[in-house]
Structures are given as structure tokens and as C-alpha cells.
There are 2 protein chains.
Amino acid sequence: MKNNIRVERAILNISQAELAERVQVTRQTINAIELGKYVPSATLAMKIARAFGKKVEEVFELEEGD
Amino acid sequence: MKNNIRVERAILNISQAELAERVQVTRQTINAIELGKYVPSATLAMKIARAFGKKVEEVFELEEGD
DNA sequence: ACAAAATGTAAAACATACTTTACTTTTAGT
DNA sequence: ACTAAAAGTAAAGTATGTTTTACATTTTGT
């Protein structure tokens, strides 16, 4: 699972901590997802996309093997 | 988390088992998600939406408390 | 009404997301 | 160079998604 979180954060100019707060998870969770360490729940993926004003598919992309 | 899986399946006229096969999970998993018993992973949500030719947000909807 | 297909359900085992606490490393601003 | 903020990392614990096996109930077609 790939994602654009870093880019979208840069556009909004917000930190991982700020995004975490906006979607109600911990900073470590955002960090891990942003780095592709694991795949979020659909709930969190939708909240993150919504925080960026984007569709889930515009922020996350399935890869071979997902 | 609400979803339209039943409706989308009806449009394609496929069973839970057929959808399960198309997105590579068990029939019980589709059943549980369709009935709202739990929220899928982002991976599975994206595969299901893709199976229907829809965006994740067109198939799943966040509710209060999610 | 009957048979077959589809759906619902449940418990145990397993896999993975998420939190908490705490520490290290990198980046940005002065 | 110094400091503060931001990002990276890690281990243990908790919560939840997914599978497997198995059976019960409902729906559909003839």
C-alpha cells in the first residue's frame, strides 16, 4: 500500500502530530502509515483522505501483493 | 461504518461467495462486513470498491463514533 | 413441497492495527 | 552552533480484522 500523506501534509503545511490530532490517532500511527509500515483501517484511511479533502484512492494506492 | 455492498452486489447480481472470491477473502468476511459487524482494512475496502467500479466513499460511509 | 443455493452465525486461532511510554535522530529557525 | 520542533524507532500491551470449521436458517427455482 503506497500513499501520498507526506505530500498532502506538505500542501497543508501540517506536522504528523497535527494530522494525528485531526484524525484522532497517535502521532506514531500516522508515522507508521506514512512510512508504509502497515496498512490503516478503512476508517482511518477515510478520515485521513477527508482531512486532505481527497478521495481515499487519491491518497492511498493498492500495490501488487496487497 | 455503513456500506452499500448488498446493493452493489445486487446490481452485479453476484453472491457474497462470488464477491469474496473476487477480492480474495472468505465468504464470512464479506458477510460480516456487509452486515456491519466490523470495519474492513483499507486494503479490503479498496478492493471491494474496485470490484464494484466505485470509489471507496461511494461504497462505505463513516458514521458518528467511527 | 422439495432441493439447492445463499446467507447468517459462532468459537477458536491467528494476523495485524493501534496505543503507550520512552528514547534517538533529523530538520528548521535564530 | 545552538535550540526547539519534527520525525523516526522500539517493545509491550490491547483491540480488532480475517480465517477455518462447522452448522442453522432463509431464499430461490422448479
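Proteins come first, then strands; the chains are lettered A, B, ... in the order of their sequence lines, and each starts at number 1. None of the values given here were measured: they were computed from a predicted structure.
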I want to check something: taking the side chain as every heavy atom from C-beta on, are A/V56 and B/K55 in contact at a cut-off of under 4.5 Å? no
If you compare every side-chain N and O of [X] against the phosphate oxygens of [N] (OP1, OP2), does one of them come in below 4.0 Å?
X	N	result
A/K37	C/dT16	no
A/T26	C/dT19	yes
B/S41	D/dT18	yes

Could you tell me the separation between the [atom1] atom of [X] and the [atom2] atom of [N], rounded to a whole number of Å?
X	N	atom1	atom2	value
A/Q16	C/dT25	CD	P	18 Å
A/L44	D/dT16	CG	C1'	14 Å
B/I5	C/dG8	CD1	P	11 Å
A/E21	C/dT19	CD	P	13 Å
B/N31	D/dT20	CG	C1'	15 Å
A/Y38	D/dT16	OH	P	14 Å
A/E18	D/dA7	CD	C1'	15 Å
B/I48	D/dT18	CD1	C1'	12 Å

What's the closest nucleotide to the side chain of A/V39 if the choices are C/dG8, D/dG17, C/dA17? C/dA17
On a heavy-atom basis, which atom in [X] and which in [Y] lie closest, and how many Å separate them?
X	Y	value
B/E63	B/K2	OE2-CG, 3.3 Å
A/M46	B/F60	CE-O, 3.2 Å
B/V23	B/I30	CG2-CD1, 4.0 Å
B/L19	B/A51	CD1-CB, 4.0 Å

Can you find an N or O donor on one side and an acceptor on the other, under 3.5 Å apart, linking the side chain of B/R27 with the base of C/dA6? no
Could a donor-acceptor pair under 3.5 angstrom be found where the side chain of B/Q28 meets the base of D/dT21? yes
Using a cut-off of 4.0 Å on non-hydrogen atoms, how would the nucleic acid contact of A/T29 be classed: base, sugar-phosphate, or nothing? base
